[in-house]
Amino acid sequence: TDLSFFDQPPNGSVLCALGWAAWKTYLGRPEGDQLRVWAVASLGIGLRSGGRVQEATDVLETALSQIRRELPSDDSTRLVVLNTLASLYTQLGRHEESLAFRRQCYEEFKSIEGPCSENTLINASNLGMTLHKQAKFAEAREVVRQPLADARRTFGDDHYVTLILCETTADAISGLGGEESLRETIAMYEDLVPRSRRVLGSSHPKTQQRERCLREFRAFRAGGVPAL
């Protein structure tokens with residue numbers, strides 16, 4: 001990938017500027033140097049934060065190639081890059097590639113850290129959400145079934161990871177259709193919303209989003225127009 005368009009710092013967030021600074025700092029290091037590879041990855045993540053989706057994708061694909069070739073044992077950086085690329089691929093409409101990376105990240109975290117680590121459980125949720133966006137609702141529900149049970153047992157009902165998995169599960173169930181699925185979805189959100197208020201606070205964006213979802217599901221069940 002040609003990285004010559006970074007002669008001037010890109011506009012955007014502080015993270016984007018920091019990524020550019022890291023790239024400029026470590027540009028002269030030799031191939032295979034860990035800091036040089038990290039700088040490329042940081043630049044890509046910063047570009048994504050600045051909303052430069054295609055450029056971020058190009059840079060992170062370069063970073064991924066470098067990691068695989070030069071730092072094959074650096075699982076941590078590789079998995080961060082894979083996860084970020086999965087999100088970018090979704091934004092670009094490259095859905096099958098996004099799903100493949102989500103599956104890979106979940107399986108690798110499960111292998112490296114075990115089924116109950118926070119990273120593994122968050123990646124299970126990421127996979128479930130990606131499947132949901134692709135209308136693969138039954139698979140999404142099945143993917144998060146055991147991780148949700150693991151999160152509840154390991155961290156408790158009020159842990160933020162458990163809340164994320166509850167939301168992913170409820171959304172997957174809602175996609176299955178039918179009155180029973182809708183009742184189960186509403187029941188899960190009725191449990192989730194007060195916990196979210198307690199853990200995150202009423203003004204937190206995730207709490208407000210979950211409150212909106214609950215209102216909309218209730219309105220749908222009542223046959224009215226979904227509340228905004």
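Starting from 1, each residue takes its place in the sequence as its number. Keep in mind that what you see is a predicted model, and the values were worked out from it rather than measured.
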Main chain of [Y], side chain of [X]: is a donor-acceptor contact present, judged purely on distance under 3.5 Å?
| X | Y | result |
| --- | --- | --- |
| Thr57 | Val53 | yes |
| Ser65 | Glu61 | no |
| Ser196 | Val193 | no |
| Ser181 | Gly177 | yes |

Indicate if [X] and [Y] have the same hydrophobic cluster label, given that clusters are the connected sets of ILVMFWY residues with side-chain heavy-atom separations under 4.5 angstrom.
| X | Y | value |
| --- | --- | --- |
| Val143 | Val161 | yes |
| Ile122 | Leu200 | no |
| Leu131 | Leu165 | yes |
| Phe217 | Ile173 | no |
| Ile112 | Leu64 | yes |

Looking at [Y] and [X], is there a salt bridge between them, counting it only when a charged N and a carboxylate O are closer than 4.0 Å?
| X | Y | result |
| --- | --- | --- |
| Arg102 | Glu139 | no |
| Arg221 | Glu190 | no |
| Arg183 | Glu180 | no |

Between [atom1] of [X] and [atom2] of [Y], what distance do you get to the nearest 0.5 Å?
| X | Y | atom1 | atom2 | answer |
| --- | --- | --- | --- | --- |
| Glu216 | Ile186 | CD | CD1 | 11.5 Å |
| Thr168 | His132 | OG1 | NE2 | 9.5 Å |
| Lys110 | Gln146 | NZ | CD | 9.5 Å |
| Met188 | Leu214 | CE | CG | 12.5 Å |
| Arg218 | Thr185 | CZ | OG1 | 13.0 Å |
| Asp171 | Cys213 | CG | SG | 6.0 Å |

How close do [X] and [Y] get, counting heavy atoms only, and between which atoms?
| X | Y | answer |
| --- | --- | --- |
| Cys166 | Leu148 | SG-CD1, 3.7 Å |
| Leu182 | Phe220 | CD2-CD2, 3.7 Å |
| Tyr160 | Glu118 | OH-OE1, 2.8 Å |
| Leu47 | Ala56 | CB-CB, 3.7 Å |
| Phe109 | Thr120 | O-OG1, 3.1 Å |
| Asp74 | Ile67 | O-CG2, 4.1 Å |

Point to revise | Candidate pair Asn83 and Tyr106, rule side-chain hydrogen bond (donor to acceptor under 3.5 Å, both in side chains), full reasoning | key: CA-CA 10 Å; Asn83 260 317; Tyr106 175 46; over 6 Å; no
Just wondering, do [Y] and [X] contact through their side chains at under 4.5 Å, heavy atoms?
| X | Y | result |
| --- | --- | --- |
| Met129 | Asn126 | yes |
| Leu99 | Lys136 | yes |
| Leu79 | Asn119 | no |
| Gln104 | Arg78 | yes |
| Val80 | Ile45 | yes |
| Thr162 | Arg195 | no |
| Val81 | Leu85 | yes |
| Arg103 | Leu127 | yes |

Review point. Looking at Asp191, Asp157, Asp158, which hits salt bridge (Lys or Arg N to Asp or Glu O under 4.0 Å) with Arg198?
Key: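 Exactly one pass, corresponding to Asp158.
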Exercise for review: Start with the C-alpha distance between Arg210 and Leu163, add both sets of side-chain angles, then the distance that settles side chain to side chain contact (heavy atoms under 4.5 Å, CB included), and finish with yes or no.
Suggested key: CA-CA 10 Å; Arg210 290 159 180 165; Leu163 299 182; 4.1 Å; yes
Review point. Ring centroid separation for His95 and Tyr89, is it under 6.0 angstrom?
Key: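 Centroid separation for His95 and Tyr89: 6.0 Å or greater.
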Check your understanding: Should the heavy atoms of other residues, nucleotides or ligands under 6.0 Å from NZ of Lys133 be counted, would the total exceed 12?
Key ->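 No, NZ of Lys133 has 12 or fewer neighbouring heavy atoms, counting only those of other groups under 6.0 Å.
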**Study point:** Criterion side chain to side chain contact (heavy atoms under 4.5 Å, CB included) on Glu167 and Ser125, from CA distance to verdict
**Key:** CA-CA 9 Å; Glu167 182 177 10; Ser125 179; over 6 Å; no
